[in-house]
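Data first, discussion second: the structure below is written as structure tokens.
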Amino acid sequence: MTAFMPLVRGVVFAAIGFAVGALVSFAITNVTGEPHGEPLIVLGYVFAVIGWLMGVGMWKVWGREWFSRGTEDDPEGRWERYLRFNTDHKVIGVQYLASFAVVFLLGGLLSMLLRAELYNPELSLFSRTDYNTTMSLHGIMMIAVAVAAVMGGFANFILPLIIGAKDVAFPRVNAMSYWIVPPVVVLLLLTPFFGGFDTGWTAYPPLATQGPTGALLFELAFLTFGISSILGGLNFIATVITQRAPGMSWDRLPIFAWSVLAAAIISLTATQWVAYGLLMIIFERIFNMVFFSPPGGNALLYEHVFWFYSHPAVYIMILPAFGIELEIISHFARKPIFAYRWVVRAFFLIVGLSFVVWAHHLFTSGMNENLHGPFMILTELISIPTGVVFLSALGTVWRSKMRLKVPMLFALGMIFNFAIGGLTGIFLADVVTDISLQDTYFIVAHFHYTIMGGEIFAIMAAGYYWFPKITGRMYNETLGRIHFVLTFLLFNLTFLAMFIPGSLGMNRRIAEYPSEFGTMNLVVSILGIALGVAFIPWVYNILNSWIRGVKAPDSPWGAKTLEWQTTSPPPHENFAEMPIVSGDPYGYGDDTVIHSNLDDGLAEQPRAAEGD
């Protein structure tokens, strides 16, 4: 029971904080004569988050220092260390991964409910409001998973290890960035009890400013998650720049670290824009300010602000996925990354271009038509550096002796899926075809090929690849292969089929649709629900292997990068001795290339995993 006390204190302090904030808000609105409701929720929530953070351990680890008092920080321990404010980057990485695995499964369950509703053209399971709320919750939950599972989970656990650091640059900020996420999940789960929200994950006004209180809870959740993302981006930039091991020059930096650095730049800079936009929406609701809503406001302005963040946000998701893909392919193909330097250049060209392509989402919004041509060209230009990454993966695989373990299978599956996502994206970058396809199921299929087919497949690849390092156990190879085959086949059947009604003009985000689309939607619903069921072997494999799996060797794949040159799982400060880097992390085929002083000579001799 003692292990759960930080959580209990967090809940109690959050309740006290909410009460204090609510009383302050009530006093202010009594003076001003404004309605009590939503201002009370906003100020109560702000104080509740502060109380939650202090209760789970931030006061002991950090807060006391603000008043010249001694702090208590014990990052070690057994399972109970995952239930408190802990500054060890590995603990925080596992906290992110476990939390967003639950969110991922919940978001997947919501998608299965949506497909159950859409199996026939008429409403059957939901009211229109409930359908819209379910659809909106599914969207924001899966976006959160795509952003945070890699940048919060794997980047936290692996980045310091792979660059030879003891921890991230700002451990306490890192812990805080995780512990403000649970309130986000609570707010999202509360939205159906406050009228729901029907804006989708985009929160467009005037729906976002005039909808029920559930919409306000969503906006607060989105804003809070954005703060977490900004703090994480700042931390990873500082970590890569300042915490690299001796000898790890920029040309020896593993490709995963480069991809996290590129994504962190976007996370730090672009996320601020959506935070400003959400703040303005919240201020419209509680202070009666006018930014976007009539009369006097401009809803199109919000769309520009939102997509100035949200298209770069796609690359917060996909750039680390590229890094994971190339990392795994190099190690399992036993070849250096093809065109490594060009890939790094491509990453940062993607970062630059991602900030100047946002308005292709607005071709049908009524914006100035003189902007159509420039944004169409800029959007198509970003396919060039993306193509460099794609060709690098193919070049690395070319004429290699691949070991088709589960991580490699998911990495190769990502190449296939993202190729379809990229090719279908060309139609949406072109003004003429985008006008016809906008707000249809073609968009849904394209987006899922990009994010689920790209990002989620990369998350699965990373999960299997680094599972031995994180847990000290081996997963079951046979169950992993079953998971891959089912997921790959059902994913492609589901979303390839979805392109057909989309091309014929079926609108997205609707619960009722013309009967001529009924047969195709029945097929998609059956396949989509089967796709959800296909993740059962993954859940069982991960849980059972973590508890009962065969003990993992330090380097089961025989990889050269630094995370495999320490124990599985790693000790508190990662390495028994300071690593000193002396060579390429992908020097396969050349026995003279030694990555670091910790290289034990086993990098060319991969060991067997369970199920081989």
Side-chain angles (χ1 to χ4, degrees), residues 102-146 185 188-204 207-208 211-212 214-215 217-218 221 437-449 451-453 456 486-487 489-536 539:
V102 174
V103 174
F104 173 72
L105 293 173
L106 182 56
L109 178 62
L110 293 178
S111 72
M112 294 168 73
L113 292 174
L114 293 174
R115 289 315 317 178
E117 172 61 65
L118 292 169
Y119 87 96
N120 73 46
E122 305 297 329
L123 283 172
S124 55
L125 296 178
F126 294 118
S127 67
R128 292 183 180 90
T129 298
D130 289 341
Y131 178 86
N132 288 339
T133 298
T134 305
M135 175 270 297
S136 301
L137 280 172
H138 165 72
I140 190 61
M141 284 181 174
M142 289 310 200
I143 291 292
V145 168
V185 179
L188 292 177
L189 295 178
L190 285 175
T191 55
F193 302 100
F194 288 84
F197 66 106
D198 55 2
T199 61
W201 73 281
T202 55
Y204 283 171
L207 280 177
L217 300 185
F218 161 66
L437 297 172
Q438 175 65 19
D439 269 334
T440 68
Y441 265 84
F442 191 97
I443 304 285
V444 177
H446 158 73
F447 188 74
H448 280 77
Y449 259 102
I451 302 305
M452 184 174 181
I456 300 300
L486 291 175
T487 303
L489 291 177
L490 290 168
F491 168 77
N492 279 282
L493 289 172
T494 300
F495 291 101
L496 280 174
M498 202 175 283
F499 281 116
I500 298 173
S503 299
L504 296 174
M506 179 179 167
N507 287 342
R508 60 176 174 167
R509 298 178 178 174
I510 55 171
E512 301 167 280
Y513 54 87
S515 59
E516 56 262 33
F517 296 119
T519 301
M520 184 53 67
N521 271 282
L522 176 60
V523 171
V524 172
S525 290
I526 293 171
L527 291 169
I529 292 171
L531 175 60
V533 173
F535 281 88
I536 292 176
V539 174

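Hydrogens, waters and symmetry mates are skipped; everything else that's a heavy atom, side chains included, is used. Since the structure is predicted, the reported quantities are computational estimates derived from the model, not experimental observations.
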List the atom of T494, the atom of G528, and the distance in Å for their closest heavy-atom pair.
-> OG1-N, 3.6 Å
Classify the ring geometry between F104 and F535 as parallel (under 30°), tilted (30 to 60°) or perpendicular (over 60°).
-> perpendicular
Tell me, please, which residues at least two apart from L110 pass side chain to side chain contact (heavy atoms under 4.5 Å, CB included).
-> L113, T134, L137, H138, M141
What is the distance from atom CZ of R128 to atom CG of D130, rounded to the nearest 0.5 Å?
-> 12.0 Å
Which atoms form the tightest heavy-atom contact between A497 and P501, and what is the distance?
-> O-CD, 3.1 Å
Are any non-hydrogen side-chain atoms of L504 and Y441 less than 4.5 angstrom apart?
-> no
Search all heavy atoms of A116 against all heavy atoms of L125 and return the closest pair with its distance.
-> CB-CD1, 3.6 Å
Distance in Å, F491 CZ paired with L496 CG, rounded so as to fall on 0.5 Å steps | 8.0 Å
Stepwise side-chain contact (heavy atoms from CB on, under 4.5 Å) test for M506 and N521 = CA-CA 10 Å; M506 179 179 167; N521 271 282; 3.1 Å; yes
So, the side chain of S525 versus the backbone of R115: is there a donor-acceptor pair under 3.5 Å, distance only?
-> yes
Atom CZ in F447, atom CE in M498: separation rounded to 0.5 Å?
-> 13.0 Å
Can you tell me how far the OG1 atom of T133 sits from the CG atom of L188, to the nearest 0.5 Å?
-> 11.5 Å
Not counting sequence neighbours, which residues clear side chain to side chain contact (heavy atoms under 4.5 Å, CB included) with A208? List them please.
-> T199, A203, E219, I281
Let me see the working for L118 and Y513 under side-chain contact (heavy atoms from CB on, under 4.5 Å), right down to the final yes or no.
-> CA-CA 9 Å; L118 292 169; Y513 54 87; 3.9 Å; yes
P121 to S515 - nearest heavy-atom pair and separation | CG-CA, 3.8 Å
Gap between atom CD1 of I143 and atom OG1 of T202 - 0.5 Å precision | 10.5 Å
Check whether any side-chain heavy atom of L189 sits under 4.5 Å from a side-chain heavy atom of L106, and report yes or no.
-> yes
Under 30°, 30 to 60°, or over 60°: which ring-plane class applies to F197 and F218, parallel, tilted or perpendicular?
-> parallel
Are L531 and M452 side-chain neighbours, meaning at least one heavy-atom pair lies under 4.5 Å?
-> yes
Could you tell me whether the side chain of S111 and the main chain of G108 form a donor-acceptor pair under 3.5 Å?
-> yes
Heavy-atom side-chain proximity of E117 to E512 below 4.5 angstrom = no
Nearest heavy-atom pair of L123 and A511: which atoms, and what distance?
-> CD2-CB, 3.5 Å
How close do W201 and I140 get, heavy atom to heavy atom, and via which atoms?
-> CB-N, 3.9 Å
Test item: L486 and V533 side chains (from C-beta on) under 4.5 Å apart, heavy atoms | no
Give the intermediate values and the outcome of side-chain contact (heavy atoms from CB on, under 4.5 Å) for residues V524 and L527.
-> CA-CA 5 Å; V524 172; L527 291 169; 5.8 Å; no
Is it the case that Y131 and D198 place a side-chain donor and acceptor less than 3.5 Å from each other?
-> no
